[in-house]
Protein chains: 2
Amino acid sequence: MPRRAPDAATTPPARATIGDVAREAGVHPSTVSRALNPATRSMLSEAVALRVADAAQRLGYRASALAAGLRTRRSRTIAILVPDLVNPIFPPIVRAAEIRLAEAGYATLVANTDNDPAREEWLVSRMAEHLVDGLLLASVAQGSSALALAARFAIPAVLVNRRLPGSTAPAVTNDDRAGIALAVRHLLDLGHTRIGHLAGPAGVSTATDRRAGFRSALRAAGIDPATAPILAAGAYSAPAGLAATTALLDAHPTLTAIVCANDMLCLGAYDAIAARGLAVGRDISVTGFNDMPFVDRICPPLTTVRIQHAEMGRSAAEMLLEEITRPGGTRRDLRLGPTLVVRGSCAGGPGRALGAAAPRPPIPHPRGA
Amino acid sequence: MPRRAPDAATTPPARATIGDVAREAGVHPSTVSRALNPATRSMLSEAVALRVADAAQRLGYRASALAAGLRTRRSRTIAILVPDLVNPIFPPIVRAAEIRLAEAGYATLVANTDNDPAREEWLVSRMAEHLVDGLLLASVAQGSSALALAARFAIPAVLVNRRLPGSTAPAVTNDDRAGIALAVRHLLDLGHTRIGHLAGPAGVSTATDRRAGFRSALRAAGIDPATAPILAAGAYSAPAGLAATTALLDAHPTLTAIVCANDMLCLGAYDAIAARGLAVGRDISVTGFNDMPFVDRICPPLTTVRIQHAEMGRSAAEMLLEEITRPGGTRRDLRLGPTLVVRGSCAGGPGRALGAAAPRPPIPHPRGA
DNA sequence: TTGTAAGCGTTATCAT
DNA sequence: ATGATAACGCTTACAA
């Protein structure tokens with residue numbers, strides 16, 4: 001008697017199993033397995049392999065990844081954890097990683113941690129339960145247990161964009177100190193002397209590295225970093241940038257330039273500056289970091305530090321693939337070089353005439369409801 | 001003899017299984033299963049449940065989702081397929097869905113189809129193999145097999161943002177026709193009569209619905225739609241928008257306003273208009289669709305049709321959860337109402353003086369490299 | 001309240 | 001070259 005639900009008429013046709021295919025092809029299930037696995041197909045006679053492929057096709061057979069994974073302990077799946085999907089720097093990174101991983105036969109799953117360590121932990125656990133073959137972590141911050149969990153479950157992991165100081169995990173990040181130095185140098189060259197830094201949230205490597213870079217760039221220029229105000233935003237977001245910039249300008253009204261730790265913060269800085277009736281670029285210069293999509297179109301276009309989004313995703317994927325094939329083989333810490341993109345958000349400092357090359361002072365647009 | 005790899009010293013501690021926990025707690029594996037499953041814990045004596053929980057904790061036990069799924073045919077996981085992660089309208093939708101699904105205990109996986117039907121098909125198959133419990137599809141277009149595959153594998157699926165005409169699948173979309181009518185009405189009220197439509201790519205419901213909406217809005221205003229030029233872009237992207245707008249203006253140089261099928265296209269339209277030495281808002285008015293993040297900050301700020309991103313994600317998640325518990329229960333087709341957000345990209349038409357309420361003509365900023 | 005045993009759909013290791 | 005068999009780790013009737 002064929003196994004069948006009582007209400008077979010309404011029940012969707014049960015998914016074909018390897019046994020069904022075997023029966024259809026008149027062979028043993030293990031033969032089906034061999035025929036459908038490219039690595040083992042060569043063991044079989046041409047005729048049988050073809051017959052099995054045919055039967056599988058007819059039944060629309062798809063191997064159960066669960067059953068297979070249970071045996072092989074592999075899922076041909078990679079998860080990538082991002083802290084905030086709304087921040088447009090991540091999609092390009094994800095996309096590049098995805099392309100490289102797909103070439104290697106891996107499906108890429110993106111999960112959003114929302115900058116919440118608890119959620120991150122939950123997600124890594126879920127991924128571990130599902131036996132993902134590797135983890136690309138763009139979300140780690142100090143105190144994050146993602147890396148420890150990955151190690152615990154023996155899941156290869158590679159850090160992207162953010163490092164974790166003290167960790168030995170492979171990582172692909174930006175040279176954040178060099179990047180910020182580019183921005184500071186640019187401002188100094190324009191004649192600014194009262195420069196503040198809008199730092200990123202505590203515990204995130206991009207925040208601490210860029211903050212350190214800010215201070216050392218100033219020092220390298222013969223300026224005492226102690227005289228340059230630094231204020232950390234609560235998050236890499238526009239609202240946090242708005243609040244922090246307001247506080248920064250309240251405390252230091254003579255500032256003529258602000259170096260922001262990332263582009264999202266700049267958006268808030270723009271708002272804060274506009275709220276004071278000042279114009280970005282004319283009254284106060286602002287620099288960003290990341291050159292995320294769309295900042296070339298905001299008003300005024302943002303002068304920012306461009307990072308190699310695609311290269312970052314691609315090489316992180318590459319590193320993860322290596323790590324999967326030879327665990328612990330290459331514990332590399334790759335730092336990608338940033339460049340400065342000069343647009344319209346910086347002008348000459350006080351007491352210095354605007355040169356011909358300086359951008360036209362922007363007229364702010366009314367922002368509708 | 002305990003099962004142990006020969007080089008136990010260097011091998012990571014094998015992941016604890018339910019058997020390990022059972023041994024540790026001095027009970028049978030099935031008891032462990034019951035103790036750890038909230039739904040069955042009540043069958044057990046308090047003491048045993050506690051002892052098991054303790055043992056599990058000590059061993060860092062995590063149930064294998066694969067083994068469990070193999071039995072239960074469920075994974076407590078939902079996948080959401082988006083056509084293009086770089087388009088900022090999707091993250092807010094994803095985020096809202098994620099929140100609702102997490103409440104129900106589901107992990108949400110995002111996958112990027114890249115607008116590639118083959119990749120979409122591949123991803124759905126992979127998701128099916130991994131027994132995702134449901135699919136949120138933001139990626140479907142005409143000829144897309146995602147829905148058929150989902151049905152084939154009996155995976156509940158809900159469409160988001162894009163409909164599939166002729167399909168009976170539950171869907172949460174915008175009232176695209178009404179949305180475009182808002183934009184057209186606004187332009188007509190400003191005095192424009194030579195209005196063109198930059199349509200979306202073929203086969204996508206948002207494109208066809210908005211195109212139809214454009215024509216009927218014109219007709220409702222007593223204008224013959226045949227006199228209004230329509231050109232379809234090859235994709236919902238800035239480059240496609242640039243190319244299409246250039247072609248549209250070449251063919252119809254007297255146009256004073258362009259209704260774009262979405263915001264990404266507007267970005268390209270801005271570029272095309274600037275390339276002709278014209279100013280958006282002053283010489284040519286432009287409207288968008290979606291009110292995606294950042295278009296309030298571009299130059300000039302975009303007048304666009306706002307959709308309910310969060311509500312869309314939330315109610316799609318809700319619908320999917322219903323569909324999972326009662327398959328085929330509610331075949332609903334929810335249309336969310338759009339609103340118009342007036343910003344700075346539209347001005348009065350030719351021969352009509354700019355009223356006091358009209359936006360200041362924008363001065364374009366130079367876009368640095 | 002807890003133990004027993006069968007089975008989910010594969011693949012790997014034996015035989016033949 | 002193919003078939004038989006035994007796991008993989010879990011859940012769930014059913015038995016006790």
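Chain A is the first sequence line, chain B the second, and so forth, proteins listed ahead of strands; every chain is numbered from 1.
- Here B/E98 pairs with A/R119 in a salt bridge; the nearest charged N to carboxylate O distance falls below 4.0 Å.
- Residue B/Q142 qualifies as open at atom CD: its count of foreign heavy atoms under 6.0 Å is 12 or below.
- In this structure, the NE2 atom of A/H28 is 16 Å from the P atom of C/dA15, given to the nearest Å.
- Taking atom CZ on B/R76 and atom P on D/dC10, their separation rounds to 18 Å, with Å as the unit.
- Checked against D/dT2, C/dA12, D/dT11, the side chain of A/T72 finds its nearest nucleotide in C/dA12.
- Within 6.0 Å of CD in B/E318 there are more than 12 heavy atoms belonging to other residues, nucleotides or ligands.
- Taking atom CZ of residue A/R73 and atom P of nucleotide D/dA7, one finds them 16 Å apart after rounding to whole Å.
- Partners of A/N115 by side-chain hydrogen bond (donor to acceptor under 3.5 Å, both in side chains), not counting sequence neighbours: none found.
- Bending across the helix from C/dT1-D/dA16 to C/dT16-D/dA1, expressed as the angle between its end axes from five pairs apiece, amounts to 40° (10° rounding).
- Spacing between atom CG of A/L70 and atom P of C/dG9 amounts to 12 Å, rounded to whole angstrom units.
- The stretch residues 33-40 of chain A comes close to DNA chain C through A/S33, A/R34, each having a heavy atom under 4.0 Å from the strand.
- Taking atom CG of residue A/L131 and atom C1' of nucleotide C/dT10, one finds them 14 Å apart after rounding to whole Å.
- Between A/T31 and D/dG3, a side-chain N or O to OP1/OP2 separation shorter than 4.0 Å is present.
- Going from atom CG of B/L50 over to atom CG of B/L44 covers 11.0 Å, rounded to the nearest 0.5 Å.
- In this structure, A/E129 places its CD atom 17 Å from C1' of D/dC8, rounding to the nearest Å.
- Where A/L44 and B/R62 meet DNA chain D, the nucleotide closest to each residue was compared, and A/L44 sits on the side nearer the 5' end.
- Within 4.0 Å (heavy atoms only), A/S30 reaches at least one base atom of the nucleic acid.
- Straight-line distance from the CG atom of A/L50 to the C1' atom of D/dA1: 16 Å, rounded to whole Å.
- Checking the phosphate oxygens (OP1, OP2) of C/dC8, no side-chain nitrogen or oxygen of A/S64 falls inside 4.0 Å.
- When all heavy atoms of A/N112 and B/R95 are compared, the pair lying nearest together is ND2-NE, 3.7 Å.
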Under the criterion salt bridge (charged side-chain N to carboxylate O under 4.0 Å, His left out), I'd like the reasoning laid out for B/D20 against B/R23: C-alpha separation, chi angles, the key distance, then a yes or no. CA-CA 5 Å; B/D20 298 331; B/R23 212 171 307 124; 3.4 Å; yes
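- A/R71 contributes no side-chain N or O that forms a donor-acceptor pair with the base of C/dT10 under 3.5 Å.
- With rounding to the nearest 0.5 Å, the separation of CG in B/L321 from OH in B/Y106 is 6.5 Å.
- Minimum interatomic distance between A/P170 and A/M319 (heavy atoms only, all atoms of both residues): CB-SD, 3.9 Å.
- Nucleotide D/dG3 holds its P atom 12 Å from the CD1 atom of A/I18, rounded to whole Å.
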